[in-house]
Amino acid sequence: MDRNISGVIDPAPAAVKSASRVLDLFELLARWDRAVSHADLAEGLGIPKSSLTQLLKDLVARGYVEFHAPGKGYRLGPAFADLARRTARETDLIGCAEPFLREITERTGESSALNRLKGWQAEVVATVSGPHRLVTHMRLGDLAPLYATSGGKVILANLPEAELEEYLAATTFEPITPNTLTSAEELRRQIATVRRDGIAFSFEEFTPGIVGIAAPILSGSGYPLGSLNVAMPSVRYSPKVRDRVVDVMERAAREISGRMGRSDRQRPPE
């Protein structure tokens, strides 16, 4: 809790009040099927018009609120619809991928996962653990550097060139294990190979003793929606195992990509 000027403890810190005010504004706008004037918003929220003006300015700039000139007021902006579409797509992707993850693990005997891009990291959003006593556990919500994991590298390889360059410029390569890539040049060489072969590998680059193999899930336009990966102890890795895992994952990734592409075509025009 914060203290105000008189030294009295304020039970609601300024940041919390600001967040609550934003949520109150969103809920107020959502209740109306028309644009709401600046004066009505100030009255409904119980805040000074000057404070509301700055709040609206910030939210309009980010697309969460828009000024509707014909209605002479404000309404929810396109960023809300974008968030809804992203949430729906992620839910669709997870639901689509889960049976394939079970099949991958059943056919390979190894743990499998679905990863998505979160910021400049790879996040595990669905996973199935293998049946062996010596097994790799990938937990929901786990985050990992894109450059150190197979799932992350295959996403990078399918990003538009401008986004890849933005990532490389912003990334500091930390040596997580002795095998971790430590420079943009090394990563560029691996990305070129991934683009040629369609599959990415991580040989003990994020976790000692663990090998990762990944395939991309792509939208109809070729953008990486996520990646499938298998992680196994290096003692079980061999060329024969690699070929079997690659075959199973490529088939699954193609099927999921196709289904997600069909789902996109069925959505209402944006």
Side-chain angles (χ1 to χ4, degrees), residues 62-63 79 82-83 85-90 92-94 96-97 112-127 138 141-207 210-231 242 245-246 249-250 252-261 263-264 270:
R62 299 185 62 172
D82 184 50
L83 282 177
R85 284 191 293 269
R86 291 184 189 181
T87 301
R89 170 175 274 186
E90 182 175 329
D92 290 348
L93 177 58
I94 293 171
C96 182
S112 61
L114 169 67
N115 313 279
R116 71 171 183 116
L117 189 63
K118 185 173 185 180
W120 286 131
Q121 293 183 292
E123 179 187 24
V124 175
V125 293
T127 183
M138 292 176 281
D142 277 353
L143 295 170
L146 298 173
Y147 64 85
T149 63
S150 59
K153 284 189 279 189
V154 84
I155 289 174
L156 285 174
N158 287 279
L159 285 177
E161 203 64 35
E163 286 190 43
L164 175 61
E165 291 303 320
E166 180 184 350
Y167 170 78
L168 293 174
T171 298
T172 300
F173 292 81
E174 301 289 344
I176 303 166
T177 77
N179 289 354
T180 306
L181 301 181
T182 56
S183 72
E185 289 72 23
E186 289 180 287
L187 182 57
R188 286 183 194 277
R189 286 193 289 270
Q190 284 206 14
I191 285 176
T193 301
V194 175
R195 287 175 170 172
R196 182 194 68 201
D197 299 338
I199 292 290
F201 295 86
S202 174
F203 293 99
E204 303 185 58
E205 296 167 43
F206 183 61
T207 305
I210 299 299
V211 172
I213 307 174
I217 298 173
L218 305 175
S219 70
S221 63
Y223 192 84
L225 302 176
S227 63
L228 298 175
N229 83 285
V230 159
R242 175 200 62 206
V245 169
V246 167
M249 283 208 307
E250 284 185 327
R254 282 197 301 270
E255 181 64 25
I256 297 170
S257 296
R259 293 187 184 188
M260 293 303 297
S263 176
D264 279 347
E270 298 180 5

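Predicted model only: the values in this text are computed from it and were never measured.
- From Arg116, atom CZ reaches atom CG of Leu93 across 10.0 Å, with rounding to the nearest 0.5 Å.
- Under 4.0 Å is where a charged nitrogen must lie from a carboxylate oxygen, and between Lys153 and Glu186 no such pair does.
- The two residues Gly212 and Ser150 have their closest heavy-atom pair at C-OG, 3.3 Å.
- In this structure, the separation between CD1 on Ile155 and CD on Glu163 is 11.5 Å, given to the nearest 0.5 Å.
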### Query
Where do Asn115 and Met138 land on the side-chain contact (heavy atoms from CB on, under 4.5 Å) test, with the steps shown first?
CA-CA 10 Å; Asn115 313 279; Met138 292 176 281; 5.7 Å; no
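- When all heavy atoms of Ile94 and Ala126 are compared, the closest pair comes out as CG2-CB, 4.2 Å.
- Rounding to the nearest 0.5 Å places CG of Asn229 at 12.0 Å from CZ of Phe201.
- One N or O on the side chain of Thr177 and one on the backbone of Glu204 form a donor-acceptor pair closer than 3.5 Å.
- Put simply, CD1 on Ile191 and CG on Leu181 are 9.0 Å apart, with the number rounded to the nearest 0.5 Å.
- Across every non-hydrogen atom of Ala144 and Thr149, the tightest pair is CB-CG2, 3.6 Å.
- Ile199 contributes atom CD1, which lies 10.5 Å from atom OG of Ser227 (distance to the nearest 0.5 angstrom).
- Remark: Ile256 CD1 to Leu225 CG distance equals 10.5 Å, nearest 0.5 Å.
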### Message
Test side-chain contact (heavy atoms from CB on, under 4.5 Å) on Tyr167 and Leu187; report intermediate values, then the result.
### Response
CA-CA 11 Å; Tyr167 170 78; Leu187 182 57; 3.9 Å; yes
### Task
I would like to know whether Leu117 and Leu146 meet side-chain contact (heavy atoms from CB on, under 4.5 Å); could you show each step before the answer?
CA-CA 9 Å; Leu117 189 63; Leu146 298 173; 3.6 Å; yes
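- Scanning all heavy atoms of the two residues, the minimum distance from Cys96 to Arg259 falls at SG-CD, 3.7 Å.
- Looking only at distances, a side-chain donor or acceptor of Tyr147 sits under 3.5 Å from a matching main-chain atom of Glu174.
- Looking at Ser202 and Val211, their side chains never come closer than 4.5 Å, going by heavy atoms from C-beta outward.
- Within the 4.5 Å cutoff, the side chain of Tyr223 has heavy atoms near those of the Pro160 side chain.
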### Message
Applying side-chain contact (heavy atoms from CB on, under 4.5 Å) to Leu114 and Leu228, what does each step give before you reach the verdict?
### Response
CA-CA 5 Å; Leu114 169 67; Leu228 298 175; 4.2 Å; yes
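- Heavy-atom minimum distance, Pro145 versus Ile176: CG-CD1, 3.7 Å.
- With respect to the salt-bridge test (charged N to carboxylate O, under 4.0 angstrom), the residues Arg189 and Glu185 do not qualify.
- With hydrogens and angles ignored, the 3.5 Å screen pairs a side-chain donor or acceptor of Thr127 with a backbone N or O of Ser112.
- In this structure, Ser257 and Pro216 approach most closely via the heavy-atom pair OG-O, 4.0 Å.
- Although no hydrogens or angles enter the test, the distance criterion places a donor-acceptor pair under 3.5 Å between the side chain of Glu205 and the main chain of Phe203.
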